[in-house]
Trainee: 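Can you read through this structure? Questions will come right after.
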Protein chains: 2
Amino acid sequence: MLEERKKQILQAIIDEYISTAEPVSSGALVNRHGLNCSSATIRNEMAELEKAGYLDKPHTSSGRIPSAQGYRFYVDELVKEDDISLEEIRYITSKLETRVNAIEDLTKIATSTLSEITHYTSVAIGPQNGFQNIEEVKFVLLGTRMLMAVILTDTGIIKETIIKFDEDITEEQVNTLNFIFNNKLRGKPLEAIDKPLEEYIFSEMNYSLAVIKPVMEQFNKVVNEESKVYLEGANKSFELPEFKSLEVARNFVNLLDTKEMMLDLLNTGFAKDINVYIGDEKENKKLKDFSIVTFKHRYQNKDLGTIGIIGPKRMDYSKVISVMKYISKKLNEKESE
Amino acid sequence: MLEERKKQILQAIIDEYISTAEPVSSGALVNRHGLNCSSATIRNEMAELEKAGYLDKPHTSSGRIPSAQGYRFYVDELVKEDDISLEEIRYITSKLETRVNAIEDLTKIATSTLSEITHYTSVAIGPQNGFQNIEEVKFVLLGTRMLMAVILTDTGIIKETIIKFDEDITEEQVNTLNFIFNNKLRGKPLEAIDKPLEEYIFSEMNYSLAVIKPVMEQFNKVVNEESKVYLEGANKSFELPEFKSLEVARNFVNLLDTKEMMLDLLNTGFAKDINVYIGDEKENKKLKDFSIVTFKHRYQNKDLGTIGIIGPKRMDYSKVISVMKYISKKLNEKESE
DNA sequence: GTTTAGCAGTCAAGAGAAAAGAGTGCTAAA
DNA sequence: TTTAGCACTCTTTTCTCTTGACTGCTAAAC
């Protein structure tokens, strides 16, 4: 465990580095943070903090920058979790009070608000299919050869899809579809459509394979479809000094542009309310210079997706975590509409 | 008008610059392009082409690069419109043969194929609402207090939206909504919902303002909603040498990240099949280093949106235009499903 | 009249060298 | 345990010099 003064100094160094992006010198620390000692004392402490692995030095005669371990300690022990102003609280509240019809719109609003307040790039994905149960299925005839299938789940997420046919569909067939699908699927998880069920439905409707086959195909497609990725404020990151490096900028664009990577980053590890991954803690080389902070959008204990920030390793963790905590709480409290 | 040899030289210079991204010298031209004269002759011609405004020189003793006017001449007069291989034709054909249910999926497939073949970043937007007519409107009850409204237009685009209510909705009310909306809106343009119509509907359903008001509100929202922007291969651009400049990279991300800008760029000027905007011809400073090439996704003379490429000013116009022509033709020919 | 060889002139880019500046680490004294 | 002081280190900036790639021009050749 670190002594109190070491903690103070480590905190001051990281705070300073977060705001300046420059290696922090002993002199600067004494000047700008009210530490009651001389720069020489700081230097001694810094040397010890470096030996213990909390700090790094780009070269012999430069100031210190936080190491991965330093950031980790900062996030776990030193972060302020109420670094949010009254004005920001008001802004967030007003944004989240917007009346939405589709639940995904609320995720989008939360994501863009998060980016606006933190000035970092934010991302979101919808809930994973595996955790949703089917509440109702409805088939609607559009024209004569087209059906829309609507699936309502217990999270409030509504999935719809179009199915086209080579022959006309009768109202009676639509009714049968509605009856069978609701009977068999209500209350089941979204991924419930397995082989036995498929065979049952086939046998029930065997009078018209031309109808049931496209339906099953499209249904399977919707159920297995991966979630959408929402992105907000990608350009904000390009104002950061670290983006002067071509490699950093390229890795960033690469990350954001690869959907599978984004899904992977946002979909793992939710031991805590707020999850922080510093640098390549996630075993992804492209993340070397970035950190990711995520939380689950929950409402009445139901999972409505994941919202996160992707920013530089030296991101303002206190601000990000405070704002996320607040947004998360507000989303969870939001009254049903 | 330019003499034949000047044209040849200009073409050679631009081709060379497109592939190397380096200023082109008189010597390089003689070596790599079979021109039957010495470098001194080329130098004389180059000097004249520069005087006429087709070429620029970064500094006194450097090779030449094309000017905006040079690119314009190249695109208008020198471009090869069949710069596409058999293999590419096969690949495009197989991609576009994918059976899709929602028409937007076809736009997405075309957009990603375009990016794959050209190795540039491609973008697409859906059709503007103003050009679509309503073919059918359908309200579907989901649960007891939620409706889904489905609007089918004559382009085959299907728009759906959720409407939530504070009180239960009866089947009878749904029927009335279906009857009134279809009666009044069938065949009308999507933007047909004006004040008189709104008042008519209100009076027809005045027995329950709590029902009709949310419906009208949401309907208006859908109809006035701006189109989605699809993006493919943003990271491909970051491999280009011009992206070593921070300013270029930043402008690019800024463009892509600003939806209004993208809509604006893709939504104007369709005098020709394929439209080319070189640099800031579109009066947008951020476009200074980029060119945009677009075409309308048309099917049976109906507008299904716009697809485009955004790349460096020195993009391979011949390839891009050839591939676009082919994709455009294939999309238009695609048989109805 | 057009083309070409030849050469002087220009400029960018790269390689050192030198100087300036920012910080550290260590020592010895407080 | 803290601090002043100073030597030392390493980056950054600035200059200068050199190299090399081109051009433009002139005068001769075709």
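By convention in this document, chain letters (A, B, ...) are assigned in the order of the sequence lines, proteins followed by strands, and residues within each chain are numbered from 1.
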Trainee: B/Leu49 and side-chain contact (heavy atoms from CB on, under 4.5 Å): which partner among B/Ile42, B/Asn44, B/Leu2?
Mentor: B/Leu2
Trainee: Could you say whether B/Ser39 or A/Ser62 is positioned toward the 5' end of DNA chain C, judged by the nucleotide with the nearest heavy atom to each?
Mentor: B/Ser39
Trainee: Is the shortest side-chain N to carboxylate O distance from A/Lys6 to A/Glu3 below 4.0 Å?
Mentor: yes
Trainee: Mark up nucleotides 6-20 of chain D, 5' to 3', with B wherever a protein heavy atom is under 4.0 angstrom from a base atom, S wherever such an atom reaches only the sugar-phosphate, and - elsewhere.
Mentor: ---BBS---------
Trainee: Name the residue closer to the 5' end of DNA chain C, choosing between B/Cys37 and A/Asn44 according to the nucleotide with the nearest heavy atom.
Mentor: B/Cys37
Trainee: In whole Å, I'd like the distance from the CD atom of A/Glu3 to the C1' atom of D/dT2.
Mentor: 15 Å
Trainee: What does the 5'-to-3' dot-bracket notation of DNA chain D look like when only Watson-Crick and G-U wobble pairs under 3.5 Å count, and pairs to other strands show as |?
Mentor: ||||||||||||||||||||||||||||||
Trainee: For B/Met46 and D/dC22, give me the distance from atom CE to atom P, rounded to whole Å.
Mentor: 10 Å
Trainee: Kindly compute the distance separating CD1 (A/Ile65) from CD1 (A/Ile14), expressed to the nearest 0.5 Å.
Mentor: 11.0 Å
Trainee: Out of the candidates B/Glu242, B/Glu283, B/Glu247, only one should pair with B/Lys288 under the salt bridge (Lys or Arg N to Asp or Glu O under 4.0 Å) rule; please name it.
Mentor: B/Glu247
Trainee: If you measure from CD on B/Glu232 to CG on A/Asp257, what distance do you get to the nearest 0.5 Å?
Mentor: 7.5 Å
Trainee: In a check of side chain to side chain donor-acceptor pair (under 3.5 Å) between B/Ser291 and each of B/Tyr277, B/Tyr71, B/Tyr317, which one passes?
Mentor: B/Tyr317
Trainee: Check whether any side-chain nitrogen or oxygen of B/Lys57 sits under 4.0 Å from OP1 or OP2 of D/dG24, and answer yes or no.
Mentor: yes
Trainee: How many angstroms lie between atom CD1 of B/Ile321 and atom CD1 of B/Ile84, to the nearest 0.5 angstrom?
Mentor: 12.5 Å
Trainee: Salt bridge check: are A/Glu88 and A/Lys319 linked by an N-O gap of less than 4.0 Å?
Mentor: yes
Trainee: Under a 3.5 Å cutoff, is there a donor and acceptor pairing between the side chains of A/Lys236 and A/Ser115?
Mentor: yes
Trainee: At the 4.0 Å heavy-atom cut-off to chain B, mark where contacts on DNA chain C begin and end, going 5' to 3'.
Mentor: C/dT3 to C/dA12
Trainee: Using a 4.0 Å heavy-atom cut-off across all strands, classify A/Ser26 as base, sugar-phosphate, or nothing.
Mentor: sugar-phosphate
Trainee: Can you see if the side chain of B/Arg64 gets near the phosphate of D/dG24 - specifically, an N or O under 4.0 Å from OP1 or OP2?
Mentor: yes
Trainee: With the threshold set at 4.0 Å, does a side-chain nitrogen-carboxylate oxygen contact exist between A/Glu281 and A/Arg72?
Mentor: yes
Trainee: If you round to the nearest 0.5 Å, how far is CD1 of A/Ile13 from CD1 of A/Ile18?
Mentor: 12.0 Å
